[in-house]
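Shown next, in structure tokens, is the structure this report addresses.
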Amino acid sequence: MKTSTFPIEGLILVEPDVFGDHRGYFFESYSFKKYEAAGIGCTFVQDNQSFSAKKGIIRGLHFQHPPYAQAKLVRCTRGRVMDVAVDLRKSSPTFLQWISVELSEENKRQLFIPRGFAHGFVTLTDNCELQYKADNYYAPEADGAIAYNDPQIGVEWGVENPVLSAKDAAARPYGEQDIDF
Ligand SMILES: Cc1cn([C@H]2C[C@H](O)[C@@H](COP(=O)(O)OP(=O)(O)O[C@H]3O[C@H](C)C(=O)[C@H](O)[C@H]3O)O2)c(=O)[nH]c1=O
């Protein structure tokens, strides 16, 4: 597997080794030993899966407040998404900066997002399935959301009128919230 980093410290892109043959393909989608050696040493305790039926859906920007913050290992197993991570770590030189990367059934890439980040994605096709591991359990009482179009962050989603959940439509900008990472 190959890994690469981003200008924002802690984010890691994983490109697994895919073994194709006349039947199709095989690849290891996760291995604690190999991923720990690549800097992804957290112990994941929960697997998530979401399905988004249409292109132009945004889920995000989500996080869980400390002490329930979650690191995530994200992959797209159907369709294509633009995955986004925003640095919420106040002491970070890249505070409130963001990256985006295309994850797809085709490219089989995975994005590791450490604790201290908000996560979101926009679907680039219909029928997008996202599967991701988390290193902390779901804690609804600690659920957090930042407005996807927060001008202070300035994520370029590439979609004018996204489909949003009620929660995401009501999410407030970072500056109007008490978020402490
Ligand atoms: C996140 C989560 C949700 N749920 C329940 C709660 C709701 O009744 C239902 C849908 O939840 P929500 O609308 O928050 O789902 P998404 O909008 O896909 O949220 C996720 O999307 C972004 C991109 C993320 O990175 C987070 O994992 C998560 O915030 O699933 C659970 O039971 N367990 C969970 O871990």
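All values below come from the heavy atoms of this structure, side chains included, with hydrogens, waters and symmetry mates left out. Read the numbers this way: they start at 1 and go in the same order the structure lists the ligands and their atoms. Along the sequence shown, residues carry numbers from 1.
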Only counting residues at least two apart or in another chain, list the ones meeting salt bridge (charged side-chain N to carboxylate O under 4.0 Å, His left out) with D83. none
Do R109 and L13 touch side chain to side chain, with heavy atoms closer than 4.5 Å? yes
Ligand-protein N/O pairs under 3.5 Å (ligand 1):
unit_1, atom_1, unit_2, atom_2, d
ligand 1, 14 (O), K167, NZ, 2.9
ligand 1, 18 (O), R59, NH1, 2.9
ligand 1, 19 (O), H62, ND1, 3.2
ligand 1, 21 (O), H62, ND1, 3.2
ligand 1, 25 (O), K72, NZ, 2.9
ligand 1, 25 (O), H119, ND1, 2.7
ligand 1, 27 (O), Y132, OH, 2.8
ligand 1, 29 (O), H62, ND1, 2.7
ligand 1, 35 (O), Q46, NE2, 3.0

Kindly confirm or rule out a cation-pi arrangement of K72 over F112, judged by NZ or CZ under 6.0 Å from the six-membered ring centre and within 45° of its axis? no
Please name all residues satisfying side chain to side chain contact (heavy atoms under 4.5 Å, CB included) with V45, sequence neighbours left out, ordered by chain then number. Y137
Residues 46-74 vs ring pair (Phe, Tyr, Trp, His ring centres under 6.0 Å), sequence neighbours excluded, gives F63-H65, F63-F181
Between T77 and E105: side-chain donor-acceptor atoms closer than 3.5 Å: no
